[in-house]
Amino acid sequence: MPELPEVETVRRGLERLVVGKDIISTEVRWDRIISGMDPELFNKALSGKKIESIGRRGKYLIFNFSDDLSMVSHLRMEGAYYTAPAGTEPGKHDLVTFHLNDGVDLFYRDTRKFGRMVLTDSDKVMQVNGLASIGPEPTESSLTLEYMLDEFKHSRMRLKPFLLDQKHIAGLGNIYVDETLWQSKLHPKTPANLVTPEEMAILRENIITELAYATEHHGTTVHSFTNAFGEAGSFQNELKVYGRVGQPCLRCGTPLEKIKVAQRGTTFCPHCQVEKH
DNA sequence: GAAGAAACCTGCACGC
DNA sequence: TGCGTGCAGGTTTCTT
């Protein structure tokens, strides 16, 4: 399940593999992957375009093509890109193929068909659904303590769904929310406006550090995530709570518990992370 | 307007 | 062995 570190890992891989190449044509095998556009128009618009650069904002990949055209791609749960020699037969879950000019095909694979691609003018990328209201990147310079204090104090939403909402902070998903809340000793059901300034400073530092560290380790491989080279990340070996339900908390030894918060499986330590009301 | 729930999807684990 | 059920989860859309 790609979160920010996984998407950045994919971006770096694609940058090495496909930037500078031309698209000859595309094949779409699941129409709904292309949001708001007929697949034939998608193919027509992309044919002959050069892939000039690949950017990222939060969990969104942004392909920039020649003639000021861009494509916003969200991998959602299990989306993945990989390249293969031209003529390679697409697999069952290869939903889109980009035929490139140097004997290479770029495949988009998505087992659950949750991913979406949107073609748009390059100057309208930030108007695409999801990007229009996205919060700051979790970095020292973008995610300031002042911003967090101001953003959190207006909401009684529980921390788990609050942090998952990309409007507040870009890039966090289920795994890293559980990890950073555990590190910060905050209960996932605590309302956002009850986090003290001292706790907020710790939470901020943990979010920034955790995502940077996970990116260094090429992300977390829990289900099917691999980068554009088909390589798995290694950060799953660093997880302290996610996937460790029933095992002892690494801080206090209490067995970790799993609950549902806002429809999301949530693992936490009932001793270290005390709920506030 | 805010918050919660359902829907989108498929593979897998589990129970019978 | 085979079938039915529940679960996993990011985002959008619908409902309260």
Side-chain angles (χ1 to χ4, degrees), chain A residues 1-10 28-37 56-62 72-81 90-96 108-118 125-135 137-138 150-181 188-194 211 214 219-226 233 236 239 241-246 256-268 277:
Chain A
M1 52 202 77
E3 301 184 24
L4 189 152
E6 291 75 34
V7 177
E8 177 59 22
T9 302
V10 171
V28 178
R29 295 177 202 83
W30 181 260
D31 291 2
R32 297 183 64 173
I33 284 290
I34 313 300
S35 188
M37 182 180 270
R56 178 192 60 75
R57 181 74 170 85
K59 303 176 197 170
Y60 295 84
L61 282 170
I62 302 167
V72 177
S73 170
H74 199 300
L75 307 175
R76 297 280 182 98
M77 306 300 302
E78 299 195 353
Y81 285 97
K92 182 182 173 188
H93 302 297
D94 291 333
L95 307 182
V96 183
Y108 174 73
R109 175 173 291 178
D110 193 339
T111 311
R112 294 188 192 172
K113 300 176 177 170
F114 270 19
R116 291 294 179 266
M117 297 174 189
V118 183
V125 161
M126 291 312 293
Q127 294 171 28
V128 166
N129 228 352
L131 282 174
S133 57
I134 197 165
E137 292 286 308
D150 187 59
E151 190 76 1
F152 281 57
K153 75 180 180 189
H154 297 298
S155 177
R156 282 197 52 76
M157 196 189 280
R158 294 168 295 177
L159 281 173
K160 174 87 181 204
F162 187 87
L163 290 170
L164 284 174
D165 191 337
Q166 305 297 297
K167 284 200 299 272
H168 303 127
I169 301 171
L172 287 170
N174 209 39
I175 296 172
Y176 297 113
V177 167
D178 280 8
E179 292 295 314
T180 51
L181 286 177
K189 284 186 174 177
T190 291
N193 64 346
L194 296 187
L211 291 188
T220 304
T221 301
V222 175
H223 289 299
S224 58
F225 171 74
T226 55
Q236 65 277 11
L239 298 177
V241 283
Y242 186 89
R244 295 192 63 246
V245 61
L256 298 176
E257 291 182 6
K258 187 165 187 178
I259 56 174
K260 280 260 184 187
V261 185
Q263 299 173 281
R264 291 288 170 264
T266 302
T267 311
F268 74 109
H277 298 281

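The figures here come from the full heavy-atom set of this structure, side chains too, leaving out hydrogens, waters and symmetry mates.
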Checklist entry - Taking the nucleotide of DNA chain C with the closest heavy atom to each, which residue, Phe114(A) or Gly130(A), is nearer the 5' end? => result Phe114(A)
Next on the checklist: For the helix from dA2(B)-dT16(C) to dC16(B)-dG2(C), what angle separates the axis at the start from the axis at the finish, each from five pairs, in steps of 10°?
Outcome noted: 50°
Checklist entry - Rounded to whole angstrom units, what separation is found between the CG atom of Asp165(A) and the P atom of dG9(C)? => result 17 Å
Checklist outcome for this item: When rounded to the nearest 0.5 Å, the distance separating CG of Leu61(A) from CD of Glu8(A) is 9.0 Å
Checklist entry - Quick one: does Glu6(A)'s side chain have a donor or acceptor within less than 3.5 Å of a partner on Glu3(A)'s backbone? => result yes
Checklist entry - Taking atom C1' of dA3(B) as reference, at what distance in whole Å does atom NE2 of His154(A) sit? => result 17 Å
Checklist entry - Distance check: side-chain N/O of Arg76(A) vs OP1/OP2 of dT12(C), anything under 4.0 Å? => result no
Measure all distances between protein nitrogen or oxygen atoms and nitrogen or oxygen atoms of nucleotides 10-13 of chain B, and list the pairs falling under 3.5 Å.
unit_1  : atom_1 : unit_2    : atom_2 : d
dT10(B) : OP1    : Lys113(A) : NZ     : 2.7
dT10(B) : O2     : Arg112(A) : NE     : 3.4
dG11(B) : OP1    : Lys92(A)  : NZ     : 3.3
dG11(B) : OP1    : His93(A)  : NE2    : 2.9

Checklist entry - How long is the line joining CE of Met117(A) and C1' of dT12(C), in whole Å? => result 18 Å
Next on the checklist: Is it true that Ser73(A) and Tyr108(A) share a donor-acceptor pair across their side chains at a distance under 3.5 Å?
Outcome noted: no
Item to check | Non-neighbouring partners of Lys258(A) that pass side chain to side chain donor-acceptor pair (under 3.5 Å), sequence neighbours left out | outcome: none
Checklist entry - Just checking Asp110(A): base, sugar-phosphate only, or nothing, at a heavy-atom cut-off of under 4.0 Å? => result nothing
Next on the checklist: Starting the side chain at C-beta, find the nucleotide from dG9(C), dT11(C), dA3(B) nearest to Met157(A).
Outcome noted: dA3(B)
Item to check | Any residue meeting salt bridge (Lys or Arg N to Asp or Glu O under 4.0 Å) with Glu137(A), in chain and number order, not counting sequence neighbours | outcome: Arg56(A), Arg57(A)
Next on the checklist: Counting the atoms with a prime plus P, OP1 and OP2 as sugar-phosphate, which does Arg32(A) contact under 4.0 Å by heavy atoms, base, sugar-phosphate, or nothing?
Outcome noted: sugar-phosphate
Item to check | Residues forming a side-chain contact (heavy atoms from CB on, under 4.5 Å) with Pro161(A), sequence neighbours excluded | outcome: Met157(A), Arg158(A), Val261(A), Ala262(A)
Checklist entry - How would you list, by chain and number, every residue that makes a side-chain contact (heavy atoms from CB on, under 4.5 Å) with Arg109(A), sequence neighbours excluded? => result Tyr82(A), His93(A), Asp94(A)
Checklist entry - How would you list, by chain and number, every residue that makes a side chain to side chain donor-acceptor pair (under 3.5 Å) with Lys59(A), sequence neighbours excluded? => result none
Checklist entry - Would Tyr81(A) and Leu75(A) count as a side chain to side chain contact (heavy atoms under 4.5 Å, CB included) if you check the C-alpha gap in whole Å, the side-chain angles of each, and the deciding distance to 0.1 Å? => result CA-CA 9 Å; Tyr81(A) 285 97; Leu75(A) 307 175; 3.8 Å; yes
Next on the checklist: Closer than 3.5 angstrom, by distance alone: can the side chain of Asp178(A) be matched with the main-chain N or O of Thr267(A) as a donor-acceptor pair?
Outcome noted: yes
Item to check | Protein-nucleotide distance (Leu4(A), atom CG; dT11(C), atom C1'), rounded to Å | outcome: 16 Å
Item to check | Partners passing ring pair (Phe, Tyr, Trp, His ring centres under 6.0 Å) against Phe162(A) (at least two apart in sequence or in another chain) | outcome: Phe152(A), His168(A)
Checklist entry - Can you check the Leu61(A) CG to dG10(C) P distance for me, whole Å? => result 16 Å
Checklist entry - Between OG1 of Thr111(A) and CD of Glu78(A), what distance do you get to the nearest 0.5 Å? => result 4.5 Å
Item to check | d(CG, Leu75(A); P, dC9(B)) in whole Å | outcome: 17 Å
Checklist outcome for this item: So CG of Leu163(A) and CG of Asn174(A): to nearest 0.5 Å the spacing works out to 11.0 Å
Checklist entry - According to a strict under-4.0 Å criterion, is Lys258(A) in side-chain N/O contact with OP1 or OP2 of dA8(C)? => result yes
Item to check | By side-chain contact (heavy atoms from CB on, under 4.5 Å) - contacts of Arg32(A) (at least two apart) | outcome: Trp30(A)
Checklist entry - Taking only side-chain nitrogens and oxygens of Lys59(A), does any of them come within less than 4.0 Å of OP1 or OP2 of dT11(C)? => result yes
List, with names and distances, any nitrogen or oxygen atoms from the protein found under 3.5 Å away from nitrogen or oxygen atoms belonging to nucleotides 14-16 of chain C.
none

Checklist entry - Is any side-chain N or O of Tyr242(A) closer than 4.0 Å to OP1 or OP2 of dG9(C)? => result yes
Using nucleotides 5-7 of chain B, report all nitrogen or oxygen pairs with the protein that are shorter than 3.5 Å.
unit_1 : atom_1 : unit_2    : atom_2 : d
dA5(B) : N7     : Gln263(A) : OE1    : 3.3
dA6(B) : N7     : Gln263(A) : OE1    : 3.4
dA6(B) : N7     : Gln263(A) : NE2    : 3.0

Item to check | Leu164(A) CG to dT12(C) P, straight-line distance once rounded to whole Å | outcome: 13 Å
Checklist entry - For Phe114(A), which residues count as a side-chain contact (heavy atoms from CB on, under 4.5 Å) partner, sequence neighbours excluded? => result Arg76(A), Met77(A), Arg112(A)
Item to check | Residue-phosphate contact under 4.0 Å: Lys260(A) side-chain N/O, dA8(C) OP1/OP2 | outcome: yes
Checklist entry - Can you check the Leu163(A) CG to dT11(C) P distance for me, whole Å? => result 13 Å
